[in-house]
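Numbers here are sequence positions counted from 1. Counting starts at 1 for both ligands and their atoms, in listed order.
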Amino acid sequence: MNGLTAAAVRAEAARIGFVACGFATLEPSRRADALEAWLAKGYAGTMGYLPRQAKKRRNPASITPGARSAVVVLDNYAAPRGERPREGDRFRIASYARGMDYHIVTHGRLHRLSEWLKAQGAGLAHTWIDDSPVPERELAERAGLGWIGKNTMLIHPRIGSFTVIGTVFTDLVFDEPVTPVADHCGTCTRCIDACPTDAIVDVRVLDATRCISYLTIEHKQDPAPGLAARFSGFAFGCDICNDVCPWNVRFAKPTTVAEFEDRDDPDRSDPVVFEQMTEAEFQARFADTPLARPGLERMRRNVRLAVASRGE
Ligand code: SF4
Ligand code: SF4
């Protein structure tokens, strides 16, 4: 038993700038069988790391030896204009990718939280951000930070779903009862209806191989023309199933994290912005952004497909 209270951790997380903070136990995943079924259907596409991570995901306690709980935080990246394109834009970039990469931004903020936890007596405070077997959405749900919506996103009832989930696995435990958030999707099907590629094939079941985010970021081969034609102008990622969600329409507030703000680079009104760019220039401008993951060659392809998908 440590003397550090949940309220003190929550206050520090807020001071760093996280919009929500909760505490999750590391008991076995209740969604592991659903993940196995999802993988068996081939919905992960070429994301080979997902089946490799499945065993650890099943048992979060095995991810960081010695950890007894996870501090779970949400970092808000919501854009002021949501996913709506601006006048004159010829292609779109998902809102989380218009500024600095959250792997850098949120990791830096999580590191501050972990150092603080260690200063308060934690023997272990290991940070994880979207590059690990951590079942972040399930832990966030377990920590009382929201429910997993039909679009598979974590939805906080007063913040929405434009958030990055970060975790700190620690040997501390916090004796605070968690009030689970009920599933508020109800009869709504807006995300399923709005998905341009019909990628949400069932409630909370996403066929990633049909999802614009997967096809523009993870998938190296050219997407099938029938899917590319439905990219709705997106050259990187897609916000549609988040943007139509009533919980975002009502509650999402623009981020106050300066690094997440829109850099307006690349110029989304220029359909050939990447065509003349050298690799060195691309690296200089985008190495610290999510666009570095697909890289210059695939961003050229993605913009061509995105512009064509708008019928231009
Ligand atoms: S991100 Fe876009 S393509 Fe993927 S499921 Fe959501 S709406 Fe569909
Ligand atoms: S759009 Fe509706 S169904 Fe989809 S996640 Fe939001 S509330 Fe749930």
Side-chain angles (χ1 to χ4, degrees), residues 31 34 38 41-47 50 74 76-79 81-85 91-98 102 130 136-138 140-141 145-165 180-219 222-253 290-291 293-294 298 302 305-306 308-310:
R31 296 179 182 268
W38 182 81
K41 288 195 162 146
Y43 289 156
T46 57
M47 295 185 283
L50 290 174
L74 303 184
N76 176 31
Y77 66 80
R81 288 179 291 269
E83 67 86 37
R84 285 166 290 285
F91 64 90
R92 297 154 85 180
I93 302 278
S95 54
Y96 81 86
R98 296 177 197 155
Y102 65 83
D130 192 35
E136 290 115 341
R137 293 174 197 180
E138 185 175 357
E141 187 181 43
L145 298 183
W147 77 98
I148 298 175
K150 292 179 187 175
N151 61 3
T152 76
M153 304 301 293
L154 178 89
I155 304 174
H156 187 289
R158 291 184 307 284
I159 297 169
S161 61
F162 286 111
T163 59
V164 177
I165 304 169
V181 177
D183 180 340
H184 290 305
C185 282
T187 57
C188 175
T189 57
R190 282 194 207 182
C191 52
I192 297 170
D193 301 340
C195 175
T197 54
D198 300 316
I200 306 172
V201 292
D202 204 345
V203 170
R204 291 179 202 87
V205 181
L206 178 76
D207 178 356
T209 68
R210 299 187 65 82
C211 175
I212 297 166
S213 289
Y214 166 81
L215 292 168
T216 56
I217 303 168
E218 301 292 339
H219 189 64
D222 289 345
L227 286 174
R230 294 196 249 166
F231 275 11
S232 307
F234 275 105
F236 183 100
C238 169
D239 286 317
I240 293 172
C241 59
N242 275 318
D243 205 59
V244 298
C245 179
W247 299 90
N248 284 324
V249 171
R250 188 156 170 213
F251 294 112
K253 299 268 186 324
L291 274 54
R293 188 164 175 88
R298 276 200 279 148
N302 287 352
L305 294 175
S309 73
R310 288 163 48 104

Criterion salt bridge (charged side-chain N to carboxylate O under 4.0 Å, His left out) on E141 and R31, from CA distance to verdict: CA-CA 12 Å; E141 187 181 43; R31 296 179 182 268; 3.0 Å; yes
Pair D198 + R230, salt bridge at N-O below 4.0 Å: yes
salt_bridge(D183, R204) N-O dist < 4.0 Å: yes
Centroid-centroid distance, Y77 to Y102, less than 6.0 Å: no
Residue W247 vicinity, atoms of ligand 2 by number, heavy atom under 4.0 Å: 7 (S)
Any V244 heavy atom less than 4.0 Å to ligand 2: no
Under 2.8 Å from atom 8 (Fe) of ligand 1 - protein N/O/S, by chain and number: C195 SG
Which residue and heavy atom of the protein sit nearest atom 3 (S) of ligand 2, plus the separation: C188 O, 3.2 Å
S309 side chain vs G233 backbone, donor-acceptor pair below 3.5 Å: yes
Protein contact to atom 8 (Fe) of ligand 2 [nearest heavy atom, distance to 0.1 Å]: C185 SG, 2.3 Å
Heavy-atom pair with the smallest gap, counting every atom of V205 and T152: N-CG2, 4.1 Å
Short side-chain to backbone donor-acceptor contact, D207 and V201, under 3.5 Å: no
Atom 6 (Fe) of ligand 2: the protein heavy-atom neighbour that sits closest, reported with distance to 0.1 Å: C245 SG, 2.5 Å
Salt bridge present between R98 and D239 (N-O < 4.0 angstrom): yes
